[in-house]
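Keep in mind that the numbers below use all heavy atoms, side chains included, and drop hydrogens, waters and symmetry copies.
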Amino acid sequence: MDTFAEYILNEKNLASKMEIAYYLSKKEKIFFDKSVIIKTELARLFLKYNKLDLDENLVLTACLLCNCKKVKNARTLDEIKSYAKNGAEYLGTIGFDKKFCKICEEVNRYSGSKPRERESDILELVEQFGGMILDRPERIGFKPDEALVLLIHRNLKNEYNRYSEIFPKFINMLEEINMGDITEIKPLKKITNIYNETDDLINFIKKIVNIYEPQIDGLIDAKYKKIKQDMFEKVEKNNRPLFTEETTKNILESLQEKKQVMTSQK
């Protein structure tokens, strides 16, 4: 009989994978809410459009489960510092291997686990950035540019994260896209609006997977296609012949005439 780890890792469809995690949360009383879906979607987009040499299935599964022992509305520092390590230990009991558990433990740096896994650096970025753009009881969500400043220049100021340079570029690229038909709306604003307007978790998953993902993927694909086309045209322009065919013909004929004149004068 397959373990739970094998079951969810073998499921490649992200929507189905989210549902599996949701039902595990109901059975085992682990942490799983809309913020987990937002952060997983950020990771999906980051992986897809940066073409990183990583196992997407592994990263997204870790995104869904790394907060499994997170305490909602934690009241003590110990609860905040211990949830990732506690979660990693729990994941080991349901069949996940040591590497997967280590990836999840390193979603934050409280356990001091080193050397850090590459996948963990992505979890860290989407965990912190995703958390900052969402509303909390004590504050409204930060704007993406504000969240990036806090992420890079405060939270990770003295820490090394492999992707801390390309992540802001990716977020800035998202902010260049318009998802609105009548009024302009950016992708991150769109996804946080869906978050705020949808209470039911299953319904939220359906909206993200069935509506948001196809739309944002299409828009980003179109943007990248245009960028590639512009680059191709630029290369073509730079590599065009120095002279047109007509100019080349005239120059060659002129050179030939000069050669004939010089020959007749000898």
Side-chain angles (χ1 to χ4, degrees), residues 8 14-15 17-18 21 31-70 80 83-84 87-88 91 100-111 113 116-136 141-157 159-175 177 186-192 194-195 201 204-205 208-209 212-213 216-217 220:
I8 194 169
L14 184 55
K17 194 184 290 289
M18 288 176 178
F31 182 87
F32 189 79
D33 69 358
K34 294 184 295 180
S35 70
V36 174
I37 305 304
I38 291 269
K39 294 164 186 176
T40 303
E41 175 62 12
L42 283 174
R44 184 192 73 84
L45 289 169
F46 182 67
L47 287 170
K48 180 173 182 179
Y49 295 103
N50 282 283
K51 310 297 183 185
L52 301 177
D53 185 23
L54 292 171
D55 184 339
E56 179 180 331
N57 182 49
L58 184 69
V59 174
L60 298 184
T61 306
C63 277
L64 292 172
L65 297 173
C66 65
N67 287 316
C68 62
K69 289 298 179 178
K70 191 172 187 177
I80 295 173
Y83 82 82
L91 293 170
F100 185 91
C101 295
K102 185 172 182 290
I103 290 170
C104 292
E105 179 180 335
E106 293 169 355
V107 65
N108 59 41
R109 299 180 183 241
Y110 289 120
S111 71
S113 175
R116 286 176 59 80
E117 301 292 333
R118 294 181 299 161
E119 297 85 354
S120 303
D121 280 354
I122 295 176
L123 264 61
E124 178 179 58
L125 291 168
V126 299
E127 171 68 20
Q128 296 195 33
F129 181 82
M132 284 191 281
I133 64 174
L134 297 176
D135 291 343
R136 290 183 178 176
F142 291 101
K143 295 178 180 178
D145 57 345
E146 295 171 337
L148 281 178
V149 170
L150 292 172
L151 174 65
I152 303 302
H153 299 288
R154 184 192 66 181
N155 297 14
L156 298 178
K157 182 179 180 180
E159 306 289 354
Y160 172 68
N161 183 298
R162 297 169 180 82
Y163 309 109
S164 62
E165 290 187 3
I166 62 174
F167 188 77
K169 294 177 182 177
F170 164 70
I171 296 299
N172 290 333
M173 181 275 292
L174 286 182
E175 287 295 279
I177 293 173
K186 303 300 183 183
L188 295 174
K189 181 64 175 176
K190 177 79 170 181
I191 201 170
T192 54
I194 300 172
Y195 175 91
L201 183 52
F204 179 69
I205 291 173
I208 295 301
V209 173
Y212 182 83
E213 282 188 6
I216 186 60
D217 284 354
I220 296 179

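In this structure, Cys66 SG and Glu119 CD are separated by 12.5 Å, a value rounded to the nearest 0.5 Å. Atom CD in Glu124 sits 8.0 Å away from atom CG in Leu151 (nearest 0.5 Å). Going from atom NZ of Lys34 over to atom OG1 of Thr192 covers 11.0 Å, rounded to the nearest 0.5 Å. Distance CG/Leu65 to CG/Leu60: 11.0 Å, rounded to 0.5 Å. Taking CG from Leu150 and CD from Glu146, the interatomic distance works out to 7.5 Å, rounded to the nearest 0.5 Å.
Minimum heavy-atom separation, Ala84 to Cys104: CB-O, 4.2 Å. Considering all non-hydrogen atoms of both residues, Phe129 and Pro144 come closest at CE1-O, 3.6 Å. Shown here for Ile122 and Leu47, the closest heavy-atom pair between the two residues is CD1-CD2, 3.5 Å.
No more than 12 heavy atoms of other residues, nucleotides or ligands shown are found within 6.0 angstrom of NZ on Lys143. At most 12 heavy atoms of other shown residues, nucleotides or ligands fall within 6.0 angstrom of atom NZ in Lys189.
Side-chain contact check for Phe170 versus Leu45: some heavy-atom pair is nearer than 4.5 Å. In this structure, the side chains of Ile152 and Ser164 come closer than 4.5 Å at one or more pairs of heavy atoms. Contact check for Leu156 versus Leu125: side-chain heavy atoms found under the 4.5 Å cut-off. Residues Leu123 and Cys63 are in side-chain contact: their nearest non-hydrogen atoms beyond the backbone lie under 4.5 Å apart. Looking at Met173 and Ile220, their side chains come closer than 4.5 Å, going by heavy atoms from C-beta outward.
Checking Thr40, Ile216, Ile37 one by one against Ile208, the side-chain contact (heavy atoms from CB on, under 4.5 Å) holds for a single residue, Ile37. The one candidate from Leu201, Val209, Val36 that meets the side-chain contact (heavy atoms from CB on, under 4.5 Å) condition with Met18 is Val209.
Between Glu105 and Ser111, the side chains place a donor N or O and an acceptor N or O closer than 3.5 Å (distance only, hydrogens not considered).
Using modelled atom types, one side-chain atom of Tyr212 and one backbone atom of Pro187 make a donor-acceptor pair closer than 3.5 Å. Of the possible polar contacts, none joining the Lys39 side chain to the Gly130 backbone as a donor-acceptor pair under 3.5 Å is found. With hydrogens and angles ignored, the 3.5 Å screen pairs a side-chain donor or acceptor of Asn161 with a backbone N or O of Asp121. No side-chain donor-acceptor contact under 3.5 Å links Asn50 to the backbone of Leu52. Side chain of Lys17 to backbone of Ile8: a donor-acceptor contact under 3.5 angstrom is found.
Residue pairs meeting the salt bridge (Lys or Arg N to Asp or Glu O under 4.0 Å) criterion with at least one partner in residues 44-67, sequence neighbours excluded, are Glu41-Arg44, Arg44-Glu213, Arg44-Asp217, Lys48-Asp217.
Residues satisfying the salt bridge (Lys or Arg N to Asp or Glu O under 4.0 Å) criterion with Arg118, sequence neighbours excluded, are absent altogether. The side chain to side chain donor-acceptor pair (under 3.5 Å) test applied to Tyr83 returns Asn67, not counting sequence neighbours. Annotation: salt bridge (Lys or Arg N to Asp or Glu O under 4.0 Å) contacts of Glu175 (sequence neighbours excluded): none. Not a single salt bridge (Lys or Arg N to Asp or Glu O under 4.0 Å) links Asp135 to another residue, sequence neighbours left out. Applying the salt bridge (Lys or Arg N to Asp or Glu O under 4.0 Å) criterion to Glu106, with sequence neighbours excluded, gives Lys102.
Checked against the 6.0 Å centroid threshold, Phe46 and Phe167 count as a close aromatic pair.
A salt bridge does not link Glu159 to Arg116: none of the charged side-chain nitrogens sits closer than 4.0 Å to a carboxylate oxygen.
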